[in-house]
Amino acid sequence: MHNGIHHVTAIAGPARRNHDFYTGTLGLRLVKKTVNFDDPKTYHFYYGDEAGQPGSIVTHFPWEHAAQGQVGPGETQETLLRIPAAALGYWTHRLLEKGVRHDPIEKRFGETLLSFADPDGMRLALVARPGIEREPAWSGSEVPAEHAIRGLHGVTLLLADAAPTGAILTDVLGFAEQGREGALTRYRTQAPIGGVVDIRAVPGFPRGRQGRGSVHHIAFRAAGDAAQAAMVRRLAENHGIRTTEQKDRNYFRSVYFREPGHVLFEIATDVPGFAVDEPASALGQVLKLPRFLEPRRDELEAVLPAVA
Ligand code: ZN
């Protein structure tokens, strides 16, 4: 059983631009094209690896006219993606070629990072990881499989105080404190992907504003309903935090809560996964709707913008 991050969900601007950046420039697989179940006239795009495994998934709600977000304490500052160590040169070149400005290469906790932003200003970083080049990779994009992104490494949260959130990570979500570097505290699980949460403590800063380019929430993994229920109990008993009731997201089942640092956390089950309503070989090609929205398919298809 693995803990760690299941997916990261962000708010985007125009759908086609978002789709083209994540499947084109970054070469991720669109593993599910569906709608926001709570706002079905908006897409919900899930990008991930070949199998769409938990820990590889970055999702977006593209709202054509979303106002620009402004990152601040109580939000996710940066989303980290894994690449094979030998692919770093390829990616610096590719980002330049695609007109994506990147920051100077940086070291953090002994790892090499290449940071940049997506077209909506969402901060991303590629983290060079030795020894992962043999992990399976999506070969259906412009990015050769040897250089392809291998799922999430983790996230950096910007918080007024690391400790209260750290307590939730370690007591409930399966993480352990691994080290500190300047204002950063690193929490880690044993999971090979999605196993890192860095907290950057920034006391006294004004809150951010969610919008285009902001991470909406971070989902953590539970193997199934029983593991999720146990985590919900620990949150209530040890931390006085109540989650929402369980919501069926078709590809996983989720509960949500606001952690003490104000970031929206979700606990999502690994099951049933993205192959529940279409073959694994054909993920993401057609608009999938949950059963309760199927009667509205014509209406929704008429308002959702065309993407490639
Ligand atoms: Zn989610």
Side-chain angles (χ1 to χ4, degrees), residues 2-12 15 18 22 28-40 42-49 52-63 66 69 74-76 78-81 118 120 122 124 151-152 154-155 157 165 168-169 172-174 189 191 193-195 197 210-225 227-229 231-232 235 241 243-259 261-274 276-277 283-284 288-290 292-293:
H2 286 304
N3 285 119
I5 295 170
H6 184 287
H7 64 266
V8 173
T9 292
I11 300 166
N18 177 264
Y22 282 88
L28 297 177
R29 184 177 194 188
L30 180 65
V31 296
K32 195 64 63 183
K33 180 160 71 168
T34 184
V35 296
N36 181 337
F37 291 5
D38 302 320
D39 176 16
T42 302
Y43 276 123
H44 193 182
F45 293 147
Y46 290 79
Y47 305 105
D49 67 5
Q53 64 173 320
S56 78
I57 305 293
V58 178
T59 96
H60 288 268
F61 298 132
W63 276 296
E75 285 188 73
T76 302
E78 193 178 36
T79 299
L80 312 174
L81 300 163
D118 84 358
D120 294 301
M122 178 182 174
L124 300 168
L152 285 161
V155 292
L157 307 181
T165 303
I168 304 294
L169 289 169
V172 180
L173 298 173
T189 69
I193 62 173
V197 173
Q210 286 227 321
R212 198 155 60 77
S214 299
V215 169
H216 184 264
H217 63 265
I218 312 281
F220 293 89
R221 294 172 68 177
D225 293 330
Q228 185 188 63
M231 291 157 111
V232 167
L235 272 173
I241 293 175
T243 66
T244 63
E245 62 186 9
Q246 192 190 59
K247 296 179 195 284
D248 184 357
R249 298 314 193 187
N250 239 19
Y251 313 107
F252 41 85
R253 294 181 287 277
S254 297
V255 299
Y256 301 82
F257 64 100
R258 196 61 78 172
E259 56 82 32
H262 197 68
V263 180
L264 184 60
F265 279 5
E266 171 182 348
I267 302 172
T269 56
D270 280 0
V271 289
F274 292 102
V276 71
D277 62 354
L283 293 176
K288 301 306 291 185
L289 296 174
F292 75 95
L293 288 172

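For this chain, numbers begin at 1 and follow the sequence in order. Numbering of ligands and ligand atoms starts at 1, following listing order.
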**Prompt:** Checking side-chain hydrogen bond (donor to acceptor under 3.5 Å, both in side chains) for the pair H44/T34: CA distance, chi angles, key distance, verdict?
**Reply:** CA-CA 5 Å; H44 193 182; T34 184; over 6 Å; no
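Excluding waters, the set of protein N/O/S atoms under 2.8 Å from the Zn ion (ligand 1) reads H7 NE2, H217 NE2, E266 OE1.
Remark: H6 engages F252 in a ring-ring contact (aromatic ring centres under 6.0 Å, His included) (not counting sequence neighbours). In this structure A66 satisfies the side chain to side chain contact (heavy atoms under 4.5 Å, CB included) test together with I11, W63, R212, sequence neighbours excluded. For F257, the ring-ring contact (aromatic ring centres under 6.0 Å, His included) partners two or more places apart in sequence, or in a different chain, are F265.
Without hydrogens or angle criteria, T243 side chain to V255 main chain gives no donor-acceptor distance under 3.5 Å. Side-chain atoms of K32 do not come within 3.5 Å of backbone N or O of K288 as any donor-acceptor pair.
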